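Working notes for the structure below.
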Protein chains: 2
Amino acid sequence: MNLPGPTAEAADATRDTAGGAPALRRIRARTTASMADVARLAGVSSQTVSRVSNGYAGVTEETRRQVLAAMKELGYRPNSAARALKRGEFRTIGVITFTLSTTGNVRTLEAIANSAAREGYAVTLLPVAVPTQDEVQGAFSRLEELAVDAVIVIMEVHLLDAATVTLPPHVQLVVADSDAGNHYTVVDTDQAGGTRAAVRHLLDLGHRTVWHLGGPEESFAAQRRTDAWRAALLEAGRVPPPLVRGDWSAESGYRAGLELAARDECTAVFAANDQMALGLLRALHEHGRRVPEDVSVIGFDDIPEASSFLPPLTTVHQDFAEVGRLCVQAVLSKMRRGGPERGTTLVPTRLVPRASTAPPPGSA
Amino acid sequence: MNLPGPTAEAADATRDTAGGAPALRRIRARTTASMADVARLAGVSSQTVSRVSNGYAGVTEETRRQVLAAMKELGYRPNSAARALKRGEFRTIGVITFTLSTTGNVRTLEAIANSAAREGYAVTLLPVAVPTQDEVQGAFSRLEELAVDAVIVIMEVHLLDAATVTLPPHVQLVVADSDAGNHYTVVDTDQAGGTRAAVRHLLDLGHRTVWHLGGPEESFAAQRRTDAWRAALLEAGRVPPPLVRGDWSAESGYRAGLELAARDECTAVFAANDQMALGLLRALHEHGRRVPEDVSVIGFDDIPEASSFLPPLTTVHQDFAEVGRLCVQAVLSKMRRGGPERGTTLVPTRLVPRASTAPPPGSA
DNA sequence: GCACTGGATGTTTACGCAAACATCAGCCAT
DNA sequence: ATGGCTGATGTTTGCGTAAACATCCAGTGC
């Protein structure tokens, strides 16, 4: 049985030419201990170390203790590259996402990371700098030589559609927060349901119709909210007013809001997200239109700050955490079953009434 | 030279016992092509494939083309586990972070991911559910068997201090956004400078003194902003008013704001972040105290929404992107040099004057 | 013509782990 | 006692890659 310290060094010395640079040998001796080193110290075979390391049965308590002691002594850590090579899996999920500047993406990512961690999976981030075909394509090809078993995409998927998405074999794909027809497995928020609830809420308060501050054209989520808004109005026999668009940012909400504020007939606005609602509130305020007395405003997302807006914002709560959780669950179940399992899972939303909505003026 | 399709299958057939299950063989044939497969198809040795794959010199243009064609035909992708095993590095950086619900952490993370990607490194996320010793410890031990070459911690580091941080050998550590004495390499925002600029700005406008809505006690960042606020006042010969605390959230800012709004002598408040400033604005508004006519408010962070607050918020801009970039740079340079390189790098801040600050009332 | 050079390519080997198989001791039933 | 069985452990092997070393061949200089 070898002594603890010199183990690795001795092994190295064998390889070194006699009288080789001692400094080098010093460095190499510091290399992580391998299973073989542990085995030698514990006086067992490396296979037994492997069994202990993986918690397999069939090892005497006595032996196990010895091996564990040797591991501790040498500071042994299994080499994940070797393990992955042998097992053919990395226990890692790649997440492709465009920007982290929207609350939704971040919250979803966080939930994915937490759920994955709970399942023993790590999460590797693949940022896409610019949401263009080329960049998405690039992310996927970087991914191809990356150590992942599965991929979750948090992104508008029309960029995905045209991209010839060639995944390495056995790598599963799930798309979050997007409507990708049924080419992929999708986990999404019930955009339509949330929108309908928002529009109904305003109509129920007595508003004639509801204006819409929509998100950017290229966003599917925005598209669906806009479609659902129009449908809900038509369903109620109301005339949808002209659409006003922003780009999700508060600043764009402000600019769009200046337009809306100028129209006296506008008494209720459904903003496609809370940030734009914030900008809208500011524009209305600057134009002397009171919220909710003159104009009702409703948002979408329920970001934590929404309750501190002036006035506190009525909005549609999205359960990003649930979306993330379901993404991980879906991707893992695909991995386990190996099947493609197309289809969409919808996560419900919830209307959160606060102080920014009220009956229209003159409806006393 | 073998034909394209059957290559892998043939190799498998050799291993299979004659007449073995064809279904199984089918599946195994779908396995990713290896270098050997490519080599066989291209009619070269696998070492030549390796050379092409890694862009090494010493391969004829003719041969290279053939190899590339074979790779394409087989859909070859280098196996990153095998590569990592051989090279002893993963080209991956682990990021340990507590919550992703603060703008700063997220923006820093995003910058880290982007910078890392540019250097050919991937980023693996290690969320810490609760900021306790145990959890941090847990993240580090999970990390120990994770495939990373370096670690960046975005977290209040007092949790790190006591934790016996045992990293695998050769794994480098850099801490972002924290003040960790000089135990570690730290990249941080110039909290003190930003705070001083904020306080000066208010004093220059004519305010007697500046109140402070501080962050939570357990945060070093908050601690330093509070210290710097007090120091800046004392330096100017003013008396620091009692400290009011929040927990970074808008809601806590609102609650604390109710206190401040009740005090007529309070004409200027420095909030430790923009979210709390938002809550403060709401509290002041509800108490009929106008901003900036009656009370000036200044924030910290410059979140994108700050320009859309009511009124648009004067604040201290933090360059999170730069912090992230420098973290990656620091960690890579440590890896390359191998040295410990303790010390702190400070990233400057910038005051962004908007509409929430003005001279105190009665100073016409 | 011959030894020599250097570039292109092939061959061998080890990285660390774990599956598959081999061994071996102890024990039970016949 | 003998064969078979079970549980603990050891041995062999191969995963895909790339470093190190070996080989081969076309020139070059003499």
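Bear in mind the structure is a predicted one, so any value in this text is a computation, not a measurement. Sequence lines set the chain letters: A, B, ... in the order given, protein chains first and strands last, and positions in each chain run from 1. Values below: all heavy atoms of this structure, side chains included; hydrogens, waters and symmetry mates excluded.
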So, do B:Ser80 and A:Phe90 sit near enough that their side-chain heavy atoms are less than 4.5 Å apart?
yes
For DNA chain D, find the residues of residues 48-59 of chain A with a heavy-atom distance under 4.0 Å and give them by number; none if there aren't any.
A:Thr48, A:Arg51, A:Gly58, A:Val59
By side chain to side chain donor-acceptor pair (under 3.5 Å) - contacts of B:Thr124 (at least two apart)
A:Thr124
B:Ser46 side chain N/O closer than 4.0 Å to the phosphate oxygens (OP1, OP2) of D:dA18?
no
Quick one: is B:Thr63 getting a side-chain N or O under 4.0 Å of the C:dT9 phosphate, OP1 or OP2?
yes
For D:dA18, take OP1 and OP2 only and decide whether either is under 4.0 Å from a side-chain N or O of B:Arg83.
yes
Rounded to the nearest 0.5 Å, the CG atom of B:Leu326 sits from the OG1 atom of B:Thr345 at a distance of 6.5 Å
Using the side-chain heavy atoms of B:Lys86, tell me which of these nucleotides is nearest: C:dT11, C:dA18, D:dT17.
D:dT17
Indicate yes or no: at least one non-hydrogen side-chain atom of B:Thr92 is less than 4.5 angstrom from one of B:Val123.
no
Distance-only donor-acceptor check, side chains A:Arg83 and A:Ser50, under 3.5 Å:
no
Picking from D:dG10, C:dA8, C:dC17, which would you name as closest to the side chain of A:Pro78?
C:dC17
Value in whole Å for how far the C1' atom of C:dA18 lies from CG of A:Asn79
13 Å
Rounded to the nearest 0.5 Å, how far apart are CD of B:Gln66 and OG1 of B:Thr63?
6.0 Å
Listed partners of B:Arg325 passing salt bridge (charged side-chain N to carboxylate O under 4.0 Å, His left out), at least two apart
B:Glu322
Quick one: which residue pairs count as a salt bridge (Lys or Arg N to Asp or Glu O under 4.0 Å) with a foot in residues 88-97 of chain A, not counting sequence neighbours?
A:Glu89-A:Arg91
Atom-to-atom span, CG of A:Leu85 to C1' of C:dC15 - whole angstrom:
9 Å
How sharply is the helix from C:dG1-D:dC30 to C:dT30-D:dA1 bent, taking the axes over five pairs at either end and rounding to 10 degrees?
50°
Rounded to whole angstrom units, what separation is found between the CZ atom of B:Arg40 and the P atom of C:dT11?
13 Å
Which whole-number value in Å describes the distance from B:Met35 CE to D:dG16 C1'?
7 Å
How close or far is atom C1' of D:dG7 from atom CD of A:Glu61, stated in whole angstroms?
15 Å
Nearest-neighbour nucleotide for the B:Val44 side chain, D:dT17, C:dT9, C:dG10 considered:
C:dG10
Rounded to the nearest angstrom, tell me the gap between atom CZ in A:Arg87 and atom C1' in C:dG16.
12 Å
Roughly how many Å is it from CD in B:Gln47 to P in C:dG10, rounded to a whole number?
10 Å
Whole angstrom is fine here: how far is it from CD in A:Glu89 over to C1' in D:dC15?
14 Å
Of all residues at least two apart in sequence or in a different chain, which pass the side chain to side chain donor-acceptor pair (under 3.5 Å) check with A:Glu119?
none
